[in-house]
Enquirer: 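Sharing a structure here in structure tokens format.
Given the structure is predicted, the values throughout are model-derived calculations rather than measurements. Atoms within a ligand are numbered from 1 in the order they appear, just like the ligands themselves. Computed over heavy atoms, backbone and side chain alike; hydrogens, waters and symmetry mates excluded.
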Amino acid sequence: MTDEPAISIESLSKTYAGGKQALDNVSFEVPRGQIFGLLGPNGAGKSTLINILAGLVTKTSGSATVWGFDIDKSPRNAKRAIGIVPQEILFDPFFTPREALENQAGLYGIAKSERRTDELLEAVRLSDKADAYARTLSGGMKRRLLVAKAMVHSPPILVLDEPTAGVDIDLRQQLWEYVRSLHARGVTVVLTTHYLEEAEELCDRIAIINHGRLIANEATADLLAKAQDKEVVITVNRDLDGLPHHGCFRKVEQVGPCDIAITYSKEEANAGDVVKVLADAGYEMIDIRTREPDLEDVFLRLTRDAA
Ligand SMILES: Nc1ncnc2c1ncn2[C@@H]1O[C@H](COP(=O)(O)OP(=O)(O)OP(=O)(O)O)[C@@H](O)[C@H]1O
């Protein structure tokens with residue numbers, strides 16, 4: 001396997017007609033063979049980015065390659081290297097899953113002898129619905145059909161845009177299982193999601209976009225390590241005159257006349273150490289509240305700091 005990334009994005013910007021800047025100088029790489037999470041709140045620019053890679057939206061500036069193909073110089077090859085599972089479920093209700101996959105294969109010019117319709121129907125567990133009208137499928141089945149459609153031309157990269165929004169837990173588990181099996185077969189997966197839990201469970205690496213800007217791009221384990229921080233808010237007996245400092249404190253902030261918020265790493269210190277530092281500085285403690293952040297907090301902190 002080559003070291004060349006599956007996707008490479010360099011200084012990508014997009015301003016829509018009307019002036020809305022959806023992407024602001026975004027650069028990152030998606031390594032081959034990974035499950036890569038693209039996270040961000042509503043309107044952050046995730047779909048814009050995916051749509052640029054898919055050739056559906058024209059970028060304003062910057063460059064991108066997909067599987068080594070420049071999206072400007074080799075748009076057809078770049079498009080062929082990517083399968084996209086869209087957010088919206090859009091089907092002709094009178095096609096059956098088998099016909100939907102056959103039509104899609106036709107669009108890609110795949111010879112009948114090379115089509116994988118039955119295998120794909122089996123993979124997304126729709127074999128028994130192969131000849132039912134799409135309109136009779138449940139929401140979950142339709143979503144699975146979308147995944148199969150995106151894989152018709154065997155792209156090395158599969159992009160799932162919010163695959164589990166509004167989906168029940170069972171189906172979510174099934175989709176995750178399928179994503180993992182594709183990954184095990186070497187497919188690079190890019191997943192956009194609002195759900196940190198989903199990214200945490202599935203992704204090797206997570207990039208976070210907020211207001212069109214990239215604010216994090218780290219291995220999931222490193223991002224989670226940031227969640228090891230613990231915060232205590234302490235009320236002391238008199239107005240604070242300066243903030244106490246100690247090597248094990250990550251952040252010290254005055255949050256009220258007598259209230260101080262201290263963030264520390266659970267690996268380096270405990271609440272007792274924090275209390276001692278305050279006592280040494282001559283404060284008496286009136287109250288103490290603790291909080292254990294999770295990935296959600298890391299996300300909120302990053303998006304807030306970047307706002
Ligand atoms: N065709 C368009 N014309 C003008 N503005 C647009 C267009 N498409 C998206 N935008 C705006 O660009 C910004 C980014 O939108 P985008 O859909 O890329 O975000 P997103 O992160 O995918 O959000 P969501 O999670 O809600 O899908 C938003 O402010 C959106 O309103």
Enquirer: Measuring from atom CD of Gln34 to atom CG of Leu191, what distance do you get when rounded to the nearest 0.5 angstrom?
Expert: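 Spacing of CD (Gln34) from CG (Leu191) equals 13.0 Å.
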Enquirer: Distance check, rounded to the nearest 0.5 Å: Glu162 atom CD versus Arg143 atom CZ?
Expert: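 Here the interatomic distance stands at 9.0 Å.
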Enquirer: Apart from Phe95 itself, what residues make up its hydrophobic cluster, given side-chain heavy atom links below 4.5 Å?
Expert: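 None, because no other hydrophobic side chain comes under 4.5 Å of this residue.
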Enquirer: Could you work out, with side-chain hydrogen bond (donor to acceptor under 3.5 Å, both in side chains) as the rule, every residue matching Thr263, not counting sequence neighbours?
Expert: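 Here no residue qualifies.
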Enquirer: Is there any protein N/O under 3.5 Å from an N/O of ligand 1, and what does the full list of such pairs look like?
Expert:
{"unit_1": "ligand 1", "atom_1": "8 (N)", "unit_2": "Tyr16", "atom_2": "OH", "d": "3.4"}
{"unit_1": "ligand 1", "atom_1": "18 (O)", "unit_2": "Thr48", "atom_2": "N", "d": "2.9"}
{"unit_1": "ligand 1", "atom_1": "18 (O)", "unit_2": "Thr48", "atom_2": "OG1", "d": "2.5"}
{"unit_1": "ligand 1", "atom_1": "19 (O)", "unit_2": "Gly45", "atom_2": "N", "d": "3.1"}
{"unit_1": "ligand 1", "atom_1": "21 (O)", "unit_2": "Ala44", "atom_2": "N", "d": "3.0"}
{"unit_1": "ligand 1", "atom_1": "21 (O)", "unit_2": "Gly45", "atom_2": "N", "d": "2.8"}
{"unit_1": "ligand 1", "atom_1": "21 (O)", "unit_2": "Lys46", "atom_2": "N", "d": "2.9"}
{"unit_1": "ligand 1", "atom_1": "21 (O)", "unit_2": "Lys46", "atom_2": "NZ", "d": "3.0"}
{"unit_1": "ligand 1", "atom_1": "22 (O)", "unit_2": "Ser47", "atom_2": "N", "d": "2.7"}
{"unit_1": "ligand 1", "atom_1": "22 (O)", "unit_2": "Ser47", "atom_2": "OG", "d": "2.7"}
{"unit_1": "ligand 1", "atom_1": "23 (O)", "unit_2": "Gly43", "atom_2": "N", "d": "2.7"}
{"unit_1": "ligand 1", "atom_1": "25 (O)", "unit_2": "Lys46", "atom_2": "NZ", "d": "2.9"}
{"unit_1": "ligand 1", "atom_1": "25 (O)", "unit_2": "His194", "atom_2": "NE2", "d": "3.1"}
{"unit_1": "ligand 1", "atom_1": "26 (O)", "unit_2": "Asn42", "atom_2": "OD1", "d": "2.9"}
{"unit_1": "ligand 1", "atom_1": "26 (O)", "unit_2": "Gly43", "atom_2": "N", "d": "3.4"}
{"unit_1": "ligand 1", "atom_1": "27 (O)", "unit_2": "Gln87", "atom_2": "NE2", "d": "3.3"}

Enquirer: Would you tabulate the side-chain donor-acceptor contacts of residues 70-85 under 3.5 Å, counting partners in other chains and residues two or more places apart, or write 'none'?
Expert:
{"unit_1": "Asp70", "atom_1": "OD1", "unit_2": "Asp72", "atom_2": "N", "d": "2.7"}
{"unit_1": "Asp70", "atom_1": "OD1", "unit_2": "Lys73", "atom_2": "N", "d": "3.1"}
{"unit_1": "Asp72", "atom_1": "OD2", "unit_2": "Lys59", "atom_2": "NZ", "d": "2.8"}
{"unit_1": "Arg80", "atom_1": "NH1", "unit_2": "Tyr108", "atom_2": "O", "d": "3.2"}
{"unit_1": "Arg80", "atom_1": "NH2", "unit_2": "Tyr108", "atom_2": "O", "d": "3.3"}

Enquirer: Do the side chains of Val26 and Leu49 get nearer than 4.5 Å, heavy atoms only?
Expert: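 Leu49 reaches Val26 side chain to side chain.
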